[in-house]
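In what follows, chains are A, B, ... by sequence order, proteins preceding strands, each numbered from 1.
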Number of protein chains: 2
Amino acid sequence: MDLSERQLQILQAIITDYVENAEPVGSRSIAKKYDLGVSPATIRNEMSDLEDMGYLTHPHTSAGRVPSDKAYRLYVNELMKKKNLSAKDKRMINDRLSASRDEFDRTIRHAAELLSEITHLASFAMTPATNEETISFIRLLPVDERTLILMIVGESGNVTNTTLRLNVPYTQESLELLSKNMTVSYKGRTLDDVLKGEIIHDVGSDIEALSQLRGSVMPSFLRTLEDMLNVNLYMEGMTNIFNLPEYTSIDRARDFMELFARKDWFTQKMLARDDGVVVTIGEENDTMKDCTLITATYHVDGKLVGKIGVIGPTRMKYDEITSIMEYLTNNLSESFRLPGSTGDGNSGDKKQKK
Amino acid sequence: MDLSERQLQILQAIITDYVENAEPVGSRSIAKKYDLGVSPATIRNEMSDLEDMGYLTHPHTSAGRVPSDKAYRLYVNELMKKKNLSAKDKRMINDRLSASRDEFDRTIRHAAELLSEITHLASFAMTPATNEETISFIRLLPVDERTLILMIVGESGNVTNTTLRLNVPYTQESLELLSKNMTVSYKGRTLDDVLKGEIIHDVGSDIEALSQLRGSVMPSFLRTLEDMLNVNLYMEGMTNIFNLPEYTSIDRARDFMELFARKDWFTQKMLARDDGVVVTIGEENDTMKDCTLITATYHVDGKLVGKIGVIGPTRMKYDEITSIMEYLTNNLSESFRLPGSTGDGNSGDKKQKK
DNA sequence: GATTAGCACTCTCACTTGATGAGTGCTAAC
DNA sequence: GTTAGCACTCATCAAGTGAGAGTGCTAATC
């Protein structure tokens, strides 16, 4: 049972109005503001039908109507039109991103900042990495007689390091040997694979000092690998949500903030999402049932993907925000393209349900 | 004009009660709960005097009294006694810290976690570093033909790195040469010094490729140095404050959260504080005038200092919290001591005003 | 002179009441 | 199918009320 043209118009009007004012919208104000050529009474009848079909809800008898998740879904899939960014926003994005184009992390961080500034929502960005990231090399660097740095570098240029203090001094040679040794053992393997798989014991354990050093380093190696899964995640504008009427209750604000304290959990959640612009609304999320989450992917050399996203209440300007994110990710992919390559990296605008 | 013994008793009772219940305390409840041997009326008279002297305030005519910053200051300096930690807390601290004793960053992060769990306040911890940190070496590591990692290591084992993408390919040799080159130029110099000083141009610029590479790397080098000033700062339990009656107003909660979004500012603030256990109360802080901030320092090999701290409303359990922090920092300093060294690293308990 | 009992006074808080206004749902007329 | 009209519902606000907690003052007491 499809919606009639008029029903769609009314629904769109309600969504537009509610997104703007955050208050239940009544039949009379729709009739006044949006020129639909019918009286409030007619609109009331249609609204009642829309409610029966699950597109609207009713906080209480005599409040106006509020769009449901289902309504937003319909809006995102069918109704909304792409918005053009303002010249000011475009300029801002171009300027800020080009300022640090040669540094991955910084560019990504700037992207998150931009996103939260423009949308006035909470945003995040992560450097390109996946569960399938493979190890490129492992390096142990001396600091002082007992202190050393363990560094793991992924294929994508992701780096994680930790500073270790050993109980016994090490020698420069054993350090270099172990670096090479470990690189040989783990190069090309994915993080998941190494974490779940057997630890490789049998390499070069003929030398006493080496195997001792190895024993001290291994536990930290594994823990650091785990950290590496949690890539570089930048979060920005978390406090923006305090300005929204949805979060004037301290409890909801707390819940919101607590979600983001668990960075590792959050990262895994986001990594699991599909490519392209993905919108999940309210109940479609397993946690955060009153939030909408929009993620988009950018590409490096047309292959590796990183993600950016915004989080806010289901009441948000879907059209503007998805357009901004599309522009932003295209811009990012553009600047991370190898000169000469052409691939557009499958940046299709899917908007699909998760 | 000193306070009489009885006035001190009453003030202490008011503080104890207020810290516990977060509600203005009246003369009658003091007389009932604390056995001072005088009637409410006498207590009222004393309270009135204490208010004249600035130790108490009055939200409105017929509420009870609330301790002022000045009262807390007196309490911290003179009245409070050291608390013994519960066996449970001690065990928890020992267990959790020893689990990752060989890794700096992880241990520090665990310390922050512990602190916020035990105190139910917001906490932070930073790895040892100061504005006087000196550069130990600089390393450039290849990732792919245009991508490389720039890594700066400080004397204390602090590492900062960034992934760069160049416009033109580089050669392995030029990379190694530049690494050595830069290390020679900057080794032993402090971050501040390098950031403020002249950029050194004249080293090895006879080779064309090298000077080009250098030109691409330098801007990032300086930006990354700045990052390094902002050490590793771990924040934990920010959402704890939502449970406090002081922060049920969304505005105050927002202000609080926004303070910590500015990590670099916060780091600099904390680095500037004295060694030992330092308590600054309310107005004594230039920002956060309704917060109390307690920091403490731990030592590595008896020299380098790192900081941990808690932040909360001025109404907090000063005696417990300072005791916990003392125990925790002693424990940290202990595990970061070079085997054989003895220095206790000046871990005096100063409690001084900033 | 210090301490205390007594009492009037102040202020907050929770609760009630009534008026107002926005909005719906139904019915009957167009 | 559309619309006007009207009764009904519910949230919100302001004003009013009583209870409770606490102070500040005064006069009596130790």
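For B:Arg6, whose side chain is taken as the heavy atoms from C-beta onward, the closest listed nucleotide among C:dT24, C:dT3, D:dT9 is C:dT3.
Between B:Phe266 and B:Phe260, the angle of the ring planes goes over 60°, which puts this pair in the perpendicular group of the 30/60° scheme.
Salt bridge annotation for B:Glu51-B:Arg65: present, with a cationic side-chain nitrogen under 4.0 angstrom from a carboxylate oxygen. In this structure, B:Asp17 pairs ionically with B:Lys33, as a charged nitrogen and a carboxylate oxygen lie closer than 4.0 Å.
In this structure, the CG atom of B:Leu56 is 14 Å from the P atom of D:dG22, given to the nearest Å. In this structure, CD of A:Glu51 is placed 10 Å from P of C:dT24, rounded to the nearest angstrom. A:Met47 has its CE atom 15 Å from the P atom of C:dA22, to the nearest Å. The distance between atom NE2 of A:His60 and atom C1' of D:dC8, rounded to the nearest whole Å, is 13 Å. The distance from atom CD1 of A:Ile10 to atom P of C:dG23 is 15 Å, rounded to the nearest whole Å. Between the CG atom of A:Asp17 and the P atom of C:dG23 there is a distance of 10 Å, given to the nearest Å. When rounded to the nearest whole Å, the span between CG of A:Asp49 and P of D:dG1 equals 11 Å.
For B:Phe242 and B:Tyr247, the distance between ring centers is not under 6.0 angstrom.
Between A:Glu284 and A:Lys289 the shortest side-chain heavy-atom distance does not fall below 4.5 Å. Contact annotation: the side chain of A:Tyr318 approaches that of A:Ile294 to within less than 4.5 Å [non-hydrogen atoms, C-beta and beyond].
Residue A:Ser62 is classed as a base contact, given a heavy-atom separation below 4.0 Å to a base.
For residues 20-44 of chain A, proximity to DNA chain C is found at A:Gly26, A:Ser27, A:Arg44, defined as any non-hydrogen atom under 4.0 angstrom from a strand atom.
Residues A:Ala63 and B:Asn45 each lie close to DNA chain C; by heavy-atom proximity, the contact nearer the 5' end of the strand is made by B:Asn45.
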